[in-house]
Each structure stands twice: as C-alpha cells, then as structure tokens.
Amino acid sequence: MKKTATNERYSDVIVSRAVQTDEGATFCLVTCGNRQHWVCLSELVSDEKRIFEELAEVGIPLLTTPARSDLKAKLQNHPVPDTAIVATQPGWIADLVYVHPDGEVQKGDTLDAEIIVAFPPDPAFGTSGKLEDWQNALAPLLKRQHLMSFLLGYGFAALLIAKLQPSPQNPIVELFGSREAGKSTIAMGIGSIFGGDPAGDIGIGRTANATPASFKPVQRMACDSLLFLDETNILDKSVEENLKLFFDHTSRDERLRYGATGRAQPIRNALLLTGNQRLVDRAKAASPITDAARSRCLSIDVGDRVFSGDELTRDEHNRMLNDLRNAANQFYGTASRAFVAEIIAACEEDSEGFSAEVCELIDEFHNELPESPHLPNRIATTIALSFAAGWLACSWGIWPTEKTSIRRACESIYDEASEMAAMDCCFGAPVVKRLVALIRANSDRIPCIVDGKKPQRSVLANAVGFRVDEGGGVTRVFMKMDELKGMLGASATSELKMLRDLGHVKGEGGKHTRSGSKPPAYVPIDGRVYEITLRTCWLD
C-alpha cells in the first residue's frame, strides 16, 4: 500500500507578510524558519523560474511541482498588504531614501514610510571601522597624488548622478598600464568608499571576465554606486570586439523585448575598469563604433606606477600600494554612508536647490578650463562631476585631508585627457598611435642619422633603430626586425600587416607581401629592417 508523507518539508514555508507599493505592485515575504525572501507577484507570473532560483539561493529550495504549487497557493491567498516603499535594487529609491547594496537603508527624518528591501544583499558593500579610521589611513596617500585624488572624487560622484537635473550619462573611467603598476590596488582603495572584502583581492570589485548577458544584472546591483571591474585583459571576446560594455553601461534601461510595455528602473553608476591595454585600442570594431565608445570612456594611462613623484623609488611605491591595500581591507563603507547622509540632509532642506548647487559647481569648473576641441563633452563632464563630488566631500568633512587638491587633480586629468584625445584624432588608427608611443618611449635608442652619410657603427652599437628626417614634415624610422616585434609583442604580425596596409610600413611590392625590406647603405643595420614612415610632429 502506498505510504503518504504526513510532514512534507515544504509545509514549513509560509507567506508571513505582504506589502503594496503606491503603484500597486504586491510583494510577499516568504519565510521558512530563519530564512526569508520578498517575492514580487507580478515577477512570479512573468519569470517564475528566476523567482524560485532566488528562493533556493537564500536557503528555501522548492524543487518539486507539489512544493511550488503549494507556495503559489499561499501567495494567491496572501495576507492583507500594508503600504510601503519597496527597493528592488540598491540606490536612490526615493528623493530621501538610499538603500546600500548590502541592504542598509538611509532615509530622511521627515519620511515616515516603511522601507522594504526586496533584493538579495551584497555583504561586500558593508562597513568596517569608523570614518576617522578611513580618513587617517588614506590621508598620507593623497599628498601630491593627482590620480588618487581624482579617482576619489570620481568614486563619490556615483552618489550624485541621480541628484542632477538633467542627469548625466553614466561615466566610465579606465586605468591602463604596465603589469604590477598598482591599477587594481588603487581601484580597490577607491572602492573602500562603498565597502570591502578582506577575504578577496579587490574589495567590492568583480572580474571583467563576464558574458554580455551577465553585465546588466551586475550593474543593477551596484546602482547609484561604484562598479569596479578588474582586468579587462580577460574580457569576453564578444564584448571586446564590439565594445558592447561601453554602450550597455551608458544605456540605463534593459533592452526592450517583444511584447514588453513596462519600463525597467534606471541604472545609474560610475564604472571603473582596469587593464594592461586601452580597451578601444584592442577592439576590431568599425571606426564609427570605436569613436562612439571612445567618447564615453575617460582612459588614463598610468604607465608603470599609479603613484607619481620624481623622487619616488620603486620600493616606496610598493610600500604605498601595500598601505593602501591594508587600509582598504580594514576600513571601508563609512565614507559613502556619511556622504549619503549629507545629501539627504541637503535635499530635506531644498532638493532642487541642492541639484542647482551641484550643477553650478560643474559649470564653473567647465568654464575655467582651457578649450580642448578634440575632447568629447561626456569626458569633460565626467571630470567636472568628479571635481564637484570631491569639493562637496571636503566641505562636508568627509575627504581624508582638511584641504583638498581636487581642483588641481581634475585639471591635471583634463590636460592628459585632452592630449590623448588630440592624439586619437591625429593618428586615426590605434595601431599607429601605439607604434608612435613605442618609438617615442625608445627614442634614446633610436638616434638620428643623415641620409647619404656613412654609418658610425661603433657609436650606435646599442641602437634598436635609426631615424632619418626627410624634411617636409616626414620622418623615416628603420627598425631592427626582432627588436620591433619584441616591442609589439604577441600581436606583432597582425599589427605590422595593418601598418603596411595603412602605408606606414614599407612592403616589398610585387609578389612579395612581407613587411620587411632592405635598408639603404647608410643605415647601419645588417639584414632586413622595418622601414616606417611617419609625420615628424608625431615623434617630437
């Protein structure tokens, strides 16, 4: 005879409470012992699979059809709902309400409404230590460090985006440079504004190795916060080739699907990327796409060190990185709470006035900057917004030092960005820009020689190439083949082919498609060379 179970495990699952928003959405609290999770009834109808996945993730697995049917029946007969404000994602869910990604709620004293957090919390965005601890630990690392100061302002700027009218496009800052330059560590330090994770290597950061479909949910769970993605070197190829990451980030709503009429909640955050090479220089997308992507991203070349100083030794630089990493692992999350509290207080007094004040700071900074015809307005706005956020943090006593160099830091970043934009416009193709940068970086080993003179082999024994100024604004550079291939690295073959097709590297012509050629007699290189033709102004 078939035996009937008298105590099904799913009978312990109950619907303990229900709330309803002003818009009419109903949320029910599903409880099992000490486990609980808010379920949106409209989302259960449209995406049942995802709802049961979320329940399983919080420790309420309902695997069988009878178990799921039992819960749906209980949800159908949910308790009479109360009225509440429901946060289905972090960030500014009302003018005076901010919900941190770890579920902590900050709201104005004049607001009596109940706040329900209905998204899975991210504990990495929690707090550790006091604000004073964080300030004291970071203060020595800001002295005469423009990059660190600018990035700190950029981190705070994530909290201001929603408060500006009109709201600016989501900003992107990319740090690129040599390995072990400290890119991940400085980004981790900026992330300590919002949280940290001593058990991990990059605090609130996540790996950039993600599929296109996974980016939007991750971005949403860092709404009105800093989204730090580490190591773009391992970025999914389908994202890298068409630079989809840049366009997804600056687009605030989910992609519309057939039959969809509702609007997703907007996603606002500041994106911080790290990698060894500039992302737009790696992409193989058409030039209109790379130009559009370049206008959205402020790329900063940190070289081989994120901390600068003529007298700064490598050991001192490494010590500063170690101090920053230790600080970010011990003290985190308090600065964002203090900044949010000040914003709420200002908005309680005069929300429109606060927005106007921030916009005025941005406009004043814009107006004082020198003209930069090639710099996209989006990038200039990113820098100006970072200045405004840093200025507010200092005026509110949240900045690690009593006096901030945020203006000088942002002006320095603006000058560097202007120079990079001018170079982008001048060179056209990223591969040409990279070649010029390599030649300029090795100029001490690429001496000038004169056309027609006999080579002085004894003096030029350590040279990797030779430069001949032809006049008329044209320079030819003869590079040893092995040396140039070594500088270009793994992509040498493909990049040399592109340079040849663009007319910058001489080929043999005829049946021969090789990029190498025989040097003139006056060039003191034995064997074949790469003969490169460039504008003289690019190299000087």
Peer 1: Any side-chain heavy atom of F125 within less than 4.5 Å of one from S225?
Peer 2: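 Yes; the side chains approach each other to less than 4.5 Å.
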Peer 1: side-chain contact (heavy atoms from CB on, under 4.5 Å) for N377 and H366? Distances and angles first, verdict last.
Peer 2: CA-CA 10 Å; N377 185 61; H366 258 305; 4.2 Å; yes
Peer 1: Can you pull out every salt bridge (Lys or Arg N to Asp or Glu O under 4.0 Å) where at least one residue sits in residues 120-131? Sequence neighbours excluded, please.
Peer 2: D122-R206
Peer 1: Heavy atoms, side chains only, cut-off 4.5 Å: are L226 and I190 in contact?
Peer 2: yes
Peer 1: Find out whether L147 and L175 are in side-chain contact, i.e. whether some heavy atom of one side chain is under 4.5 Å from a heavy atom of the other.
Peer 2: yes
Peer 1: Are side-chain N/O atoms of W134 and S192 paired as donor and acceptor at under 3.5 Å?
Peer 2: yes
Peer 1: Give me each pair satisfying salt bridge (Lys or Arg N to Asp or Glu O under 4.0 Å) with a member in residues 295-304, each pair once, sequence neighbours excluded.
Peer 2: D304-R314
Peer 1: Write out all pairs satisfying salt bridge (Lys or Arg N to Asp or Glu O under 4.0 Å) with one or both partners inside residues 19-31, taking only residues at least two apart or from two chains.
Peer 2: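 Passing the test, one end in residues 19-31: no pairs.
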Peer 1: Are any non-hydrogen side-chain atoms of L273 and D230 less than 4.5 angstrom apart?
Peer 2: no
Peer 1: For P140, which residues count as a side chain to side chain contact (heavy atoms under 4.5 Å, CB included) partner, sequence neighbours excluded?
Peer 2: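 Counting only residues at least two positions away or on another chain, P140 forms no side chain to side chain contact (heavy atoms under 4.5 Å, CB included).
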Peer 1: For the residue pair F307 and L321, establish whether any side-chain heavy-atom pair is separated by less than 4.5 Å.
Peer 2: yes
Peer 1: Suppose we screen for side chain to side chain contact (heavy atoms under 4.5 Å, CB included). Which residues come up paired with S16, at least two apart in sequence or across chains?
Peer 2: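 S16 satisfies side chain to side chain contact (heavy atoms under 4.5 Å, CB included) with I14, L29, T31 once adjacent residues are dropped.
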Peer 1: Taking only residues two or more places apart in sequence, or in another chain, which ones meet V105 in a side chain to side chain contact (heavy atoms under 4.5 Å, CB included)?
Peer 2: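 Testing V105 for side chain to side chain contact (heavy atoms under 4.5 Å, CB included), a comparison that skips the adjacent residues, returns V97, V99, I115, V117.
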Peer 1: Excluding sequence neighbours, so at least two apart, what forms side-chain hydrogen bond (donor to acceptor under 3.5 Å, both in side chains) with D102?
Peer 2: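 Expected list: R337.
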Peer 1: Do the non-hydrogen side-chain atoms of L324 and M148 ever get within less than 4.5 Å of each other?
Peer 2: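 Answer yes - side chains close enough.
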Peer 1: If we only count heavy atoms from C-beta on, is the W38 to I116 side-chain gap below 4.5 Å?
Peer 2: yes
Peer 1: With ring-ring contact (aromatic ring centres under 6.0 Å, His included) as the test, pick out the partner of F156 among W396, F150, F194, F339.
Peer 2: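 For F156, the ring-ring contact (aromatic ring centres under 6.0 Å, His included) test succeeds with only one of W396, F150, F194, F339, which is F339.
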Peer 1: Output all residues satisfying side-chain hydrogen bond (donor to acceptor under 3.5 Å, both in side chains) with K107, sequence neighbours left out; order by chain, then residue number.
Peer 2: none
Peer 1: Quick test of your reading: applying salt bridge (Lys or Arg N to Asp or Glu O under 4.0 Å), list the pairs with at least one residue in residues 162-191, sequence neighbours left out, ordered by first then second residue.
Peer 2: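 Pairs touching residues 162-191 that pass the test: D95-K163.
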Peer 1: For R325, which residues count as a side-chain hydrogen bond (donor to acceptor under 3.5 Å, both in side chains) partner, sequence neighbours excluded?
Peer 2: T185
Peer 1: Could you list the donor-acceptor pairs under 3.5 angstrom formed between side-chain atoms of residues 75-89 and any protein atom two or more places apart in sequence or on another chain?
Peer 2:
from : atom 1 : to   : atom 2 : distance (Å)
N77  : ND2    : A73  : O      : 3.0
D82  : OD2    : R17  : NE     : 3.4
D82  : OD2    : R17  : NH2    : 3.3
T88  : OG1    : Q265 : NE2    : 2.4
Q89  : OE1    : R220 : NH1    : 2.3
Q89  : NE2    : P266 : O      : 3.1

Peer 1: If you compare all heavy atoms of F176 against all heavy atoms of Q277, which two are closest, and at what distance to 0.1 Å?
Peer 2: CB-C, 3.9 Å
Peer 1: Does the side chain of T26 pick up a donor-acceptor pair with the side chain of Q20 at under 3.5 Å?
Peer 2: yes
Peer 1: Taking the side chain as everything from C-beta on, heavy atoms only, tell me whether V280 gets closer than 4.5 Å to D291.
Peer 2: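 They are not in side-chain contact.
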Peer 1: Kindly write out the residues that satisfy side-chain hydrogen bond (donor to acceptor under 3.5 Å, both in side chains) with S42, not counting sequence neighbours, or none if the list is empty.
Peer 2: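 S42 satisfies side-chain hydrogen bond (donor to acceptor under 3.5 Å, both in side chains) with no other residue.
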